[in-house]
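Order of the sequence lines fixes the chain letters, A, B, ..., with proteins taken first and strands second; residue numbering starts at 1 for each chain.
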There are 4 protein chains.
Amino acid sequence: MSDIRRRRLPRPVREQLIIDAAIGVFAKRGYHASSVDEIAELAGITKPMIYLYLDSKEGLFLACLRRETERLVTAFRAAAGPAPSPELRLRAGLLAFFTFVTDHPDSWVVLHRQASELSPAIAAELAQSRQAVLTEVSGIVRTCSTEGAGPACAEDEADFVAYTLVGAADSLTDWMVLHPDEHPERITVRLMNMVWVGMRNVLDGEVWTTPAGEG
Amino acid sequence: MSDIRRRRLPRPVREQLIIDAAIGVFAKRGYHASSVDEIAELAGITKPMIYLYLDSKEGLFLACLRRETERLVTAFRAAAGPAPSPELRLRAGLLAFFTFVTDHPDSWVVLHRQASELSPAIAAELAQSRQAVLTEVSGIVRTCSTEGAGPACAEDEADFVAYTLVGAADSLTDWMVLHPDEHPERITVRLMNMVWVGMRNVLDGEVWTTPAGEG
Amino acid sequence: MSDIRRRRLPRPVREQLIIDAAIGVFAKRGYHASSVDEIAELAGITKPMIYLYLDSKEGLFLACLRRETERLVTAFRAAAGPAPSPELRLRAGLLAFFTFVTDHPDSWVVLHRQASELSPAIAAELAQSRQAVLTEVSGIVRTCSTEGAGPACAEDEADFVAYTLVGAADSLTDWMVLHPDEHPERITVRLMNMVWVGMRNVLDGEVWTTPAGEG
Amino acid sequence: MSDIRRRRLPRPVREQLIIDAAIGVFAKRGYHASSVDEIAELAGITKPMIYLYLDSKEGLFLACLRRETERLVTAFRAAAGPAPSPELRLRAGLLAFFTFVTDHPDSWVVLHRQASELSPAIAAELAQSRQAVLTEVSGIVRTCSTEGAGPACAEDEADFVAYTLVGAADSLTDWMVLHPDEHPERITVRLMNMVWVGMRNVLDGEVWTTPAGEG
DNA sequence: GATGAATGAGGCTTCATTCAT
DNA sequence: TATGAATGAAGCCTCATTCAT
């Protein structure tokens, strides 16, 4: 009885419902191919409400970006922060990431799979969003080197490792779609296996050399 | 005489010019935000020619995809194929990739940075294109395990590693933009350093375990 | 106590405040380009109040028209009525007009500078408003002829003169903007200088003829 | 046979037809209340053609403004230029004006009866258009003073007179609508009668004074 | 007396695509 | 081989107006 057609909701509630709907459509179609009409219909209201609350299609997309970036970063920090060692922090962060992507696949698509076609304002926000993720990862990575390496050099190396990790994790979200039975835990363990040793090599400045006797 | 404005070119030549122009525009704006008008102007002809030769905007995009996929796979194979060991094949392949991206950044954007917004036909072709890259990598990876592991299992593991590698490499193309002085060779070495050891652990089925006394 | 934010004003007061705001917006933007939203905001209330009190955007504009027409006509009559001779009545009327326009430029813009784009109801009211002004002027003009000319004919001539005068005066309001130091008195005198003699010629039925030996 | 549905006209021809239609609609409804749809329908084509040729609604309006301003100014000059005396030049100019308005009433409405609601670009063009008319009139007026008065002062006076004349003439176009049997010649003569003498007083710097024994 | 929530309708603009030459 | 002319469809956005409290 309390849901007499969920009409006349207070603004903050409506806004979240609109953003929910928008994420779904933006993820499915991409920014340009999404129509505000479809988002409005999915949200159960009419277009003018979207423009009243979120200003424009661009404003709507930015709102999605901001909300989901915050959610992801929060989840990542909450998981990685309390862990007692660099190794476990990285493991916890990766697990949080794969869990987030498993639970909110649309959000991840909206955050990281938009093409290069976006307006300056959106491109800036998107870059910032991606940077926020990289910053979290890089922060952990910097604490992972065996020795306490020099700061400037270490920063560059840590960035390199962070890009590698984020790219690998992103790509593995596609692999997950092909292996729906694999749990985030398993994937995390495998990725750790794959990068943990080599990552520290890189951070410590060790250099791979062409095997003896070859090209 | 030679500058009768290069009108009346034979069809195959025109087609390549059109595809050249299209890749530039698609990379800059993304599929949906690109207009056939702009591509026609950049190619120096009128729209009806595009429709006559490539059928539709979709057909034009597919042509771009196919040509560039073939170029990339060919470069990869030419580099990796002749190398005498798995390690060197992987190294050569990665180097070929980073070199390709450095030389043809637009092509890579068109191939791997298009949003999820595309029509079924395009989405299929794009998946196939990405799969072609993954197949090459996976093929090499499968020869890298220390022991000759069981085939079925190995295939899955090799795929996992391939997704990781392609994702890492893709992401590192962004890192390259921020570090324009780093050459493909340097990046390849670093990436090898980072994954070579761990990759073989994964392929050999070794399992990372939570460090003793934690979690 | 007096600044409980002036909420809950009695209806007649609120109505005047709304009309004040509306005149400003209508003058600045024109009828169609004005939005009820902007008027409501400027008036310090919400849109439903405007609809409650003035019925519609059209009703609001009509209310502006009526109030300002009455103000202008009243000012004109008060000035022209008591003067002892036709000449002085006309002079006083013109002075009242230029003074009104100086003091209430928005009102005059709303009254006489709206495009032809208005709804029938508004167009009718606007025509009536302009006619009210013309009627005042024409009434004075009719008393200005030297001789007591025949009525029917005189009426037509007086109308002609009235249109001329009102058009001239209207146009001079633009001239005033370019010459902000000129006072209404000076302009009135000049306009009188320019039309007084010829006006009476026209009213007396004298006909200008092409100068001898030309055309 | 040559008019197999007037389709596929060359661009310059189509453009003029579009402008013709636009003037009609803009005059009837005003800029804001006019819809590009209606203009397209009246022009016998579809909207995209309008945008292809004239860029935007604003561009379309500007094209109307420019074409009609040029026509009016040309007609005015052609009439006034050759006349042998100031008086006759003014008379010829006024006659050309009233003839133009009679023949192209929509053009005049578009040129001088648009409200204050227009975009900066349009407002600027409109001001320029009105100024062009005033400049023509003012140029003639300046030659009308009895004596050769001082230039600077004379310029100001001439402007005053020009504003008066243009305003009077504009207003009389409304009067003409109520008196459809009056020909431009008659109106011109009357207006000359009304202003010729007084105008020269003003230009010569004579000052009207309140009649003795009054005020 | 006053308002926050909501909408139907319509306007400007652009795009992929085709026709006739 | 090549193009100027033309369009159907659809998208973003805004506005006057009303409902429920």
By the 4.0 Å heavy-atom rule, please label B:Pro10 as base, sugar-phosphate, or nothing.
nothing
Could you tell me the separation between the CD atom of A:Glu38 and the P atom of F:dG11, rounded to a whole number of Å?
9 Å
What nucleic acid atoms does A:Leu52 come within less than 4.0 Å of, heavy atoms only: base, sugar-phosphate, or nothing?
nothing
Between B:Arg14 and F:dA2, does any side-chain N or O lie under 4.0 Å from OP1 or OP2?
yes
Rounded to whole Å, the CD1-C1' distance (A:Ile39 to F:dG11) equals 12 Å
Want to settle it: does D:Pro48 or C:Asp37 sit nearer the 5' end of DNA chain F, counting the closest nucleotide to each?
D:Pro48
Between P of F:dA2 and CG of B:Leu54, the distance in whole Å
14 Å
What is the distance from CD1 of A:Ile45 to P of E:dG4, rounded to the nearest Å?
19 Å
Should D:Tyr51 be listed as having a side-chain N or O under 4.0 Å from OP1 or OP2 of E:dT13?
yes
Please report, rounded to the nearest Å, how far the P atom of E:dA5 is from the CD atom of A:Glu15.
10 Å
Measure the distance from CG on A:Leu9 to C1' on E:dA6 and round it to the nearest whole Å.
11 Å
Closest-nucleotide ordering on DNA chain F, the 5'-leading residue of B:Met49 and A:Asp55:
B:Met49
Could you please name the option among E:dA16, F:dC12, F:dA5 that lies closest to any side-chain atom of B:Lys57?
E:dA16
Does F:dT14 have a Watson-Crick or wobble partner in any strand here, with both distances under 3.5 angstrom, and which is it?
E:dA9
Grab the CZ-P distance between A:Arg8 and F:dC19 for me, whole Å please.
10 Å
Starting at CZ of D:Phe61 and ending at P of E:dC12, how long is that distance when rounded to a whole Å?
13 Å
Can you list everything that forms a salt bridge (charged side-chain N to carboxylate O under 4.0 Å, His left out) with A:Glu58? Sequence neighbours excluded, please.
none
Contacts of B:Ser56 and A:Gly44 projected onto DNA chain E by closest heavy atom; the upstream (5') one is A:Gly44
Can you tell me the pairing partner of F:dA2 across any strand shown, Watson-Crick or G-U wobble, with both distances under 3.5 angstrom?
E:dT21
Is it the case that the base of E:dT17 and the side chain of B:Lys47 share a donor-acceptor contact (distance under 3.5 Å, atom types as modelled)?
yes
Using a cut-off of 4.0 Å on non-hydrogen atoms, how would the nucleic acid contact of B:Arg11 be classed: base, sugar-phosphate, or nothing?
nothing
Base, sugar-phosphate or nothing for A:Ser35? Non-hydrogen atoms, less than 4.0 Å.
sugar-phosphate
Please tell me if the side chains of D:Ile23 and D:Ser107 come closer than 4.5 Å, counting only heavy atoms from C-beta onward.
yes
Salt bridge between A:Glu15 and A:Arg11, side-chain N to carboxylate O under 4.0 Å?
yes
Think C:Lys57 forms a cation-pi with C:Tyr51, using NZ or CZ under 6.0 Å from the six-ring centre and within 45 degrees of its axis?
no
Is any side-chain heavy atom of C:Tyr53 closer than 4.5 Å to a side-chain heavy atom of C:Leu60?
no
Does some side-chain heavy atom of C:Phe61 sit less than 4.5 Å from a side-chain heavy atom of C:Val110?
yes
Does D:Val36 or B:Ser34 map to a spot on DNA chain E nearer the 5' end, using the closest nucleotide for each?
D:Val36
